[in-house]
Amino acid sequence: MELRKSYFADERKDDLHEIGQSRPRSDAPGHVTGKTVYFADRTFPDLLHLKMVRSPHHHANIRSIDTSEAEKHPGVIRVLTAKDVPHNVYTILILIQVGPEDETVLADKKVSWKGEAVVAVVATSERAAQEAAAKVKVDYEVLPAVFDVLEALEPGAVQVNEHHPGNYYHYDSGDHRKVRFGDIEAGFAMADHILEETYSSSPIEQAPTETTGCIVAPEGNDRFTCYTNTQAMFFTLDNASIILQMPGHKLHMVGGTVGGGFGGKVDVIVEPIAILAAKLTGRPVSFIYSREEEMQISSPRAAEKIIIRDGVMDDGRLVARQVTGYTDAGAYSRHSPYGAQKGAAHYPGPYTVPNVWIDTYCVYTNRTPSSAMRGFGVTIADFALEVQMDKLARLIGMDPLEFRFINAYRDGDMKAHRQPTEGAALIECMQEAARVSNWPVAQKYLDMSSRTREA
Amino acid sequence: MARVPVQFRLNGEDRAEFVESGTTLLHALRDTMGDISPKGGCHQGTCGACSVIVDGELRLSCLTLAESCEGAAIETTAGLGRDGVLYPVQRAILDGFATQCGFCTPGMVMAAKALLDHTPNPTREDVIEAISGNICRCTGYEPIINAVLAAARSNSQNAG
């Protein structure tokens, strides 16, 4: 990497020797003494608690909602339904022009997954809110549901989300993301072996030890301070601003220490409704997921189905790779269209393959909406790709690491999405890995370099 | 809801509060006694983030009624490392990079303290057993186990 040493030259010290030095974490003294303040460590007088009434069905029309009994329950201050939310339909990435808005803050006509928020109950204690929530009567007309990405894409499948006809996300490139490079037909025609395998994964819950939540305090003058454990402060601020139809300067987001997140706290789910509750009651409001909600309601890593077809030569050269990837977004987009798109860019792997054809679909089903989790879109892809690489090596009777040396990209190689490779160090990393793990590879692989392709 | 008086020693200080009957020790400490060091991660006795020491025994404060602690001596992480000197487990976790988000750390510290109070020279297996009720989702258990063992070594050096 070229360092731009002219930038801030007068402010920069060149005698930095950080590598190999231990530096204490700045937040560790607070952690070990129990003094670190997480959002729920603040106390507020007259604090109210919000509990959500959730759909018990995977897919259902809402015929009617009766909150009268809940409103009479001792301790209940306010019951919120869809009509209380100024802009009830949203999507998180609309801020970066990824639309359409496809998810309701509180469901009004229909629920599309089991656990979807329908009514918010605000009461003087958690217990009162919970008891009152149980008294809300929602009349559902249960609809058939779809839980499999391939079934969801079949003609005549149950329609999950009215904003996504056909149950797929519509990119500007069409119903899927594509990468086209070389001539895939010619690649497979010349291959000595072709291996097609299907890989699939389940949703994975991030399970942070601190559950998702926020506490909102009205500051007077129609301003609100929201103490939250979000991992995405400005997504939260801007989405809350859109949903509540309030200018951002009236919303003061206070983040800070997050008690684990792993991507699970990137969505904007608890803050807008809690701010609305604080606005409508004039009192501080706490909305914190129970452990059960965290495990069942918060968006997990998407389930994926990945079909990889590779053409390989007897000498170990990958000559063709065709991948079809399906990302199960669940009922709403959240971050999944982006995850599926990342997959498209990632499926060639860190390998130079001359003929590549990739299609990735973001598919809607009646499952819990999936979203961000540590490298979403590429983590399962890597699992599938590397298992596939091992299988390919076995197929041609080659050592799996040597097989990777042959195909690893080098400086100057053109990637499938037409970005030339620069600053590669994969060969050197694998050489070091071979050394430290005592994995024997032939000398010719130890003589390779990422700087040049040897033949 | 009826409020009941409860008195106990919290980190060496006599404390008396009125709490709603049925209040957990976790809520009493955090909401009325101003000790935020025990954390509520699951409220069902599985994550260990709320661990405190009651009369010398490690307890899950989310499953302990405040009323049942009448007259007890309760220790929490907030009571350790006063006057700027860290308790050895705290120091070892700090030095050993055994904390990331920090949410499980106070519970881990108490689990380790309960172990070292009873077993000053634990084996690695003793440490694993002692913290087995405490879930950590980011640091990973190896640095924590190593930190507890390091704290035990520093204790025995100081004692020697």
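A note on names: the letters A, B, ... follow the listed sequences, proteins ahead of strands, and every chain is numbered from 1.
Of the listed residues A/Ala207, A/Pro24, A/Pro208, the one with more heavy-atom pairs under 4.5 angstrom with chain B than any other is A/Ala207. When each of B/Ser37, B/Cys42, B/Cys101, B/Gly81 is checked for heavy-atom pairs under 4.5 Å with chain A, B/Cys101 comes out on top.
Interface remark: A/Arg374 contributes no atoms to any contact with chain B (heavy atom separation under 4.5 Å). The contact between A/Thr209 and chain B is made by backbone and side chain atoms together, counting heavy-atom distances below 4.5 Å. With a threshold of 4.5 angstrom between heavy atoms, A/Glu126 approaches chain B through side-chain atoms but not through N, CA, C or O. Contact annotation for B/Leu94: both backbone and side-chain heavy atoms come within less than 4.5 Å of a heavy atom of chain A. With a 4.5 Å cut-off on non-hydrogen atoms, B/Phe97 touches chain A through its side chain but not through its backbone. Contacts of A/Thr36 with chain B are made by backbone atoms alone, with heavy-atom separations under 4.5 Å and no side-chain atom involved. Of the two parts of A/Phe262, only the side chain, counted from C-beta on, holds a non-hydrogen atom closer than 4.5 Å to a non-hydrogen atom of chain B.
A salt bridge between A/Glu432 and A/Arg435 is present, with a side-chain N of the basic residue lying under 4.0 Å from a carboxylate O of the acidic one.
In this structure, A/Tyr289 contributes its side chain and A/Gly213 its backbone to no donor-acceptor pair below 3.5 Å. A/Tyr227 places no side-chain N or O within 3.5 Å of a backbone atom of A/Val216 that could act as its donor or acceptor partner. In this structure, B/Arg15 contributes its side chain and B/Gln7 its backbone to no donor-acceptor pair below 3.5 Å. A/Lys35 places no side-chain N or O within donor-acceptor distance of the main-chain N or O of A/Val32, the cut-off being under 3.5 Å.
In this structure, CG in B/Leu65 is found 12.0 Å from CG in B/Leu26, a value given to the nearest 0.5 Å.
Using cut-offs of 30° and 60° for the angle between ring planes, the A/His31 and A/Tyr38 rings count as parallel.
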